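Report on the structure given below.
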Amino acid sequence: MTVRTRFAPSPTGFLHIGGARTALFSWAYARKHQGDFILRIEDTDVARSTPEAVQAILDGMNWLGLSWDEGPFYQMQRMERYKEVIQKLLDEGKAYHCYCSKEELDALRESQMQQNLKPRYDGRWRPELGKELPARPEGVSPVVRFKNPQTGNVVWNDLVKGQISIANEELDDLIIARGDGTPTYNFCVVVDDWEMGITQVIRGDDHVNNTPRQINMLVALGAAIPQYAHLSMILGDDGQKLSKRHGAVSVMQYDEDGYLPEAVLNYLGRLGWSHGDDEIFSMEQFCAWFDLDHITPSAAQFNTEKLKWLNAHYIKQADIARLAQDIKQRLVKLEVDTTAGPNLTAVIQLYRERANTLNELAASVAYFYQKPAIDPAAVEKHITPDILPIIKAMVVELAKIEWTTEAIHGVIEKMVTENSLKFPKVAMPLRVMITGGAQSPSIDAVMALLGAEEVLSRISTFAD
RNA sequence: GUCCCCAUCGUCUAGAGGCCUAGGACACCUCCCUUUCACGGAGGCGACCGGGGUUCGAAUCCCCGUGGGGACGCCA
């Protein structure tokens with residue numbers, strides 16, 4: 001049987017890091033087994049679903065490169081089918097109408113809570129042999145409830161958490177269609193997972209408690225039961241739960257912040273899953289290795305530092321033309337014009353090993369295209385009065401040479417030797433004059449790239 | 001409250017009863033490299049939640065406790 005997995009987000013917000021990992025794992029599982037990965041948009045909550053959110057999710061998936069084989073399917077477009085199945089269940093006596101008002105239900109829930117009971121529907125409209133149902137109230141459009149088994153246990157072997165068993169006594173007759181006839185989440189999931197032939201349901205573990213209900217419905221429908229793999233959640237950097245109010249950001253924010261998608265993917269792949277001691281792997285490698293056996297059942301805390309480390313790694317590996325393209329855009333946002341000035345590719349080559357993010361890389365390279373911001377502390381420390389005459393002498397020498405790194409290096413070396421100095425004594429003030437600060441790659445290489453005219457101009461503002 | 005789940009360095013994790021004096025990675029510290037800062041290299045610090053069992057032997061299996069999380073919607 002071919003493997004078929006799905007990612008089924010509800011379009012009530014962007015694709016966040018937890019959803020992205022769920023999608024990644026589902027995707028990788030399908031890839032690993034030459035199966036199909038299906039994207040399904042669960043938009044039955046009309047009040048909260050938005051087309052913008054749908055687009056945001058699609059954008060996130062595309063940025064990460066998680067491509068789907070089927071879909072996106074939209075549940076709102078499958079209404080007729082859900083209603084047919086509900087009618088079937090009704091006809092077979094596996095579901096029934098319930099005329100309880102929300103107020104009644106609230107009161108019931110409250111009194112159960114007060115008695116320290118698990119709040120649940122008491123089955124007052126559940127038809128039973130020889131049982132007399134309440135009189136139907138006027139003008140109430142009933143909801144449809146699924147007739148859940150009342151005895152026995154629902155047991156499944158969760159591919160991540162192991163065997164889980166829940167007593168049917170803990171469950172109640174859930175609503176599968178609202179008063180207006182629209183089906184609810186738990187029901188749509190069941191119909192879709194069934195009809196889309198999903199073989200492995202990989203999802204967040206906030207769905208563990210829905211699983212027994214879904215299995216019961218699948219059984220009632222005579223459908224095959226898929227395997228389930230429940231992923232534990234991802235906590236924020238501070239160990240706190242991620243929520244819209246706290247720490248949950250769109251994966252696209254990582255793009256904004258200068259992370260490469262392959263770094264995010266690699267990081268997410270390693271968060272809650274392992275392949276021995278392997279830390280760095282391509283998606284190709286990940287798909288070949290991925291399995292459900294090595295997923296950690298406990299929650300994982302997100303660690304931005306480690307993501308940065310991976311990002312730095314991938315910046316070093318990335319195709320230079322792609323980097324140049326990207327950095328150019330980021331410089332535009334910083335209002336830096338790269339059309340004049342040194343070759344951007346060469347500049348990036350010089351800097352790529354020093355950056356954790358693309359934003360850092362862009363910012364650190366800006367001084368090649370505009371006058372640098374001057375760090376006063378660096379000026380005070382390195383541009384001392386005693387060195388100025390030597391710098392001035394060096395300017396004269398620099399004017400004579402062919403403008404290459406080697407030749408520039410030779411000039412600095414010459415000044416160092418002639419004045420019996422250490423190399424940094426000359427290099428540091430130069431660095432500050434040219435880059436504005438005390439950190440940069442080899443100053444001779446920087447000078448070579450920047451060009452003689454600009455270098456001399458920058459020096460002259462300090463040494464004239 | 002009820003039910004379900006989880007528990008190894010600060011963090012992500014390896015670990016399938018002896019290979020564990022518990023391994024790797026990020027972070028941190030030291031040293032080396034060096035033209036500053038990074039990169040890179042070599043070291044270092046640092047953990048099996050507690051208590052009972054089972055066993056010749058437990059990080060690993062079982063029970064209890066503790067702690068954390070999730071679920072209990074005409075949300076998904």
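These numbers come from a predicted model, not from an experiment. Per chain, numbering begins at 1; letters A, B, ... match sequence-line order.
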Q.
OP1 or OP2 of B:rC4 versus the side-chain N and O atoms of A:His207: is any pair under 4.0 Å?
A. no

Is any side-chain nitrogen or oxygen of A:Ser440 closer than 4.0 Å to OP1 or OP2 of B:rU36? no

By the Watson-Crick or G-U definition, both distances under 3.5 Å, B:rG1 is matched with B:rC72

Practice task
Pick the C1' atom in B:rG53 and in B:rC31, then give their distance to the nearest Å.
Solution key: 49 Å

Does A:Lys241 have a side-chain nitrogen or oxygen under 4.0 Å from the phosphate oxygens OP1 or OP2 of B:rG68?
-> no

* If the C1' atom of B:rA25 is compared with that of B:rC9, how far apart are they to the nearest Å? -> 12 Å

Closest to the side chain of A:Val143, out of B:rA76, B:rC74, B:rC6, is B:rC74

message: Taking 4.0 Å as the cut-off, does a side-chain nitrogen or oxygen of A:Arg109 come that near to OP1 or OP2 on B:rG73?
response: yes

- Does the distance from a Lys or Arg side-chain N to an Asp or Glu carboxylate O, for A:Glu80 and A:Arg78, drop under 4.0 Å? no

- [ ] Determine whether the side chains of A:Arg203 and A:His230 contain a donor N or O and an acceptor N or O closer than 3.5 Å.
- [x] yes

Within the structure shown, what part of the strands sits under 4.0 Å from A:Ala438 by heavy-atom distance: base, sugar-phosphate, or nothing? base

Over all strands shown, is A:Leu271 touching base, sugar-phosphate only, or nothing at heavy-atom distances under 4.0 angstrom?
sugar-phosphate

Check: When you compare B:rG17 with B:rA59, how far apart are their P atoms, in angstrom units rounded to a whole number?
Finding: 13 Å

Check: Is there a donor and acceptor pair, one atom on the side chain of A:Glu279 and one on the base of B:rG24, closer than 3.5 Å?
Finding: yes

Residue pairs meeting ring pair (Phe, Tyr, Trp, His ring centres under 6.0 Å), one or both in residues 422-449 of chain A, sequence neighbours left out, come to A:His409-A:Phe423

Touch class at under 4.0 angstrom, heavy-atom based, for A:Val208 against every strand present: sugar-phosphate

### Message
Say we look at B:rC20 and B:rA14: how far apart would their C1' atoms be, to the nearest angstrom?
### Response
11 Å

Paired to B:rG10 by Watson-Crick or G-U wobble criteria (both distances under 3.5 Å) is B:rC26

**Report entry** Test item: side-chain donor near acceptor, A:Thr184 and A:Asn186, under 3.5 Å
**Finding:** no

At under 4.0 Å between heavy atoms, what does A:Thr44 touch on the DNA or RNA strands: base, sugar-phosphate, or nothing?
sugar-phosphate

Among the nucleotides B:rC5, B:rG69, B:rG24, whichever has the atom closest to the side chain of A:Lys161 is B:rC5

**Item:** salt_bridge(A:Lys88, A:Glu84) N-O dist < 4.0 Å
**Value:** no

As its Watson-Crick or G-U partner within any shown strand, both distances under 3.5 Å, B:rC49 has B:rG65

### Query
Looking at A:Asp193 and A:Arg40, does any basic side-chain N land under 4.0 Å from a carboxylate oxygen?
yes

The nucleotide from B:rU11, B:rA27, B:rA76 with an atom nearest the side chain of A:Asn210 is B:rA76

Q | Short side-chain donor-acceptor distance under 3.5 Å, A:Asp237 and A:Thr304 | A | yes

A:Asn209 CG to B:rC6 C1', in whole Å, measures 14 Å

Contact under 4.0 Å: A:Ser49 side-chain N or O vs B:rA76 OP1/OP2
no

note: A:Phe281, atom CZ; B:rG24, atom P; distance rounded to Å ~ 19 Å

Taking the same atom, P, in B:rA38 and in B:rU30, what whole-Å distance lies between them?
12 Å

message: Please give the distance between the C1' atoms of B:rG44 and B:rC26 as a whole number of Å.
response: 16 Å

Separation of the P atoms in B:rA42 and B:rG57, to the nearest angstrom
41 Å

Comparing nearest nucleotides in RNA chain B, the 5'-proximal residue of the pair A:Gln301, A:Val46 is A:Gln301

Would you classify A:Gly239 as touching base, sugar-phosphate or nothing, given that sugar-phosphate means primed atoms plus P, OP1 and OP2, and contacts are heavy atoms under 4.0 Å?
nothing

Scanning all shown strands, the Watson-Crick or wobble mate of B:rG17 with both distances under 3.5 Å is none

Expressed as a whole number of Å, how far does the P atom of B:rA22 sit from that of B:rG50?
-> 16 Å

Check your understanding: When you check the gap from the basic side-chain N to the acidic O, do A:Arg330 and A:Asp326 get nearer than 4.0 Å?
Key -> yes

In 5'-to-3' order, the base (B), backbone-only (S) or no-contact (-) status of each nucleotide in nucleotides 38-48 of chain B, using a 4.0 angstrom heavy-atom cut-off, is BSS--------

Testing B:rC6, B:rU13, B:rA76 for proximity to the side chain of A:Arg270, the answer is B:rU13

Note to self: At 4.0 Å (heavy atoms only), tell me whether A:Asn116 reaches a base, stays on the sugar-phosphate, or touches nothing.
What the structure shows: sugar-phosphate

With no hydrogens and no angle check, do the side chains of A:Asp180 and A:Thr182 hold a donor and an acceptor under 3.5 Å apart? yes

Base, sugar-phosphate, or nothing for A:Cys98, non-hydrogen atoms under 4.0 angstrom? nothing

Between CD1 of A:Ile280 and C1' of B:rC26 the distance, given in whole Å, is 11 Å

Closest of B:rA7, B:rC4, B:rA27 to the A:Pro297 side chain is B:rA7

Practice item. May I ask you to decide whether A:Arg213 forms a salt bridge with A:Asp172, counting only side-chain N to carboxylate O separations under 4.0 Å? Key: yes

Between NE2 of A:His275 and C1' of B:rG23 the distance, given in whole Å, is 16 Å

Rounded to whole Å, the CZ-C1' distance (A:Phe302 to B:rU11) equals 12 Å

Taking for A:His409 and for A:Ser10 the nucleotide of RNA chain B with the nearest heavy atom, the one nearer the 5' end belongs to A:His409

Worksheet entry | Check: B:rG70 base within 3.5 Å donor-acceptor of A:Asp206 side chain | no

Closest of B:rC12, B:rA76, B:rG70 to the A:Asp45 side chain is B:rA76

Between B:rA14 and A:Ser274, is there an OP1 or OP2 to side-chain N/O distance shorter than 4.0 Å? yes

In whole angstroms, the gap separating P of B:rC74 from NE2 of A:His97 amounts to 17 Å

Give one of base, sugar-phosphate or nothing for A:Lys102, where a contact means two heavy atoms less than 4.0 Å apart. base

**Message:** For A:Lys381, is there an ion pair with A:Asp375 - N to carboxylate O distance below 4.0 angstrom?
**Reply:** no

In whole angstroms, the gap separating C1' of B:rC72 from CZ of A:Arg213 amounts to 8 Å

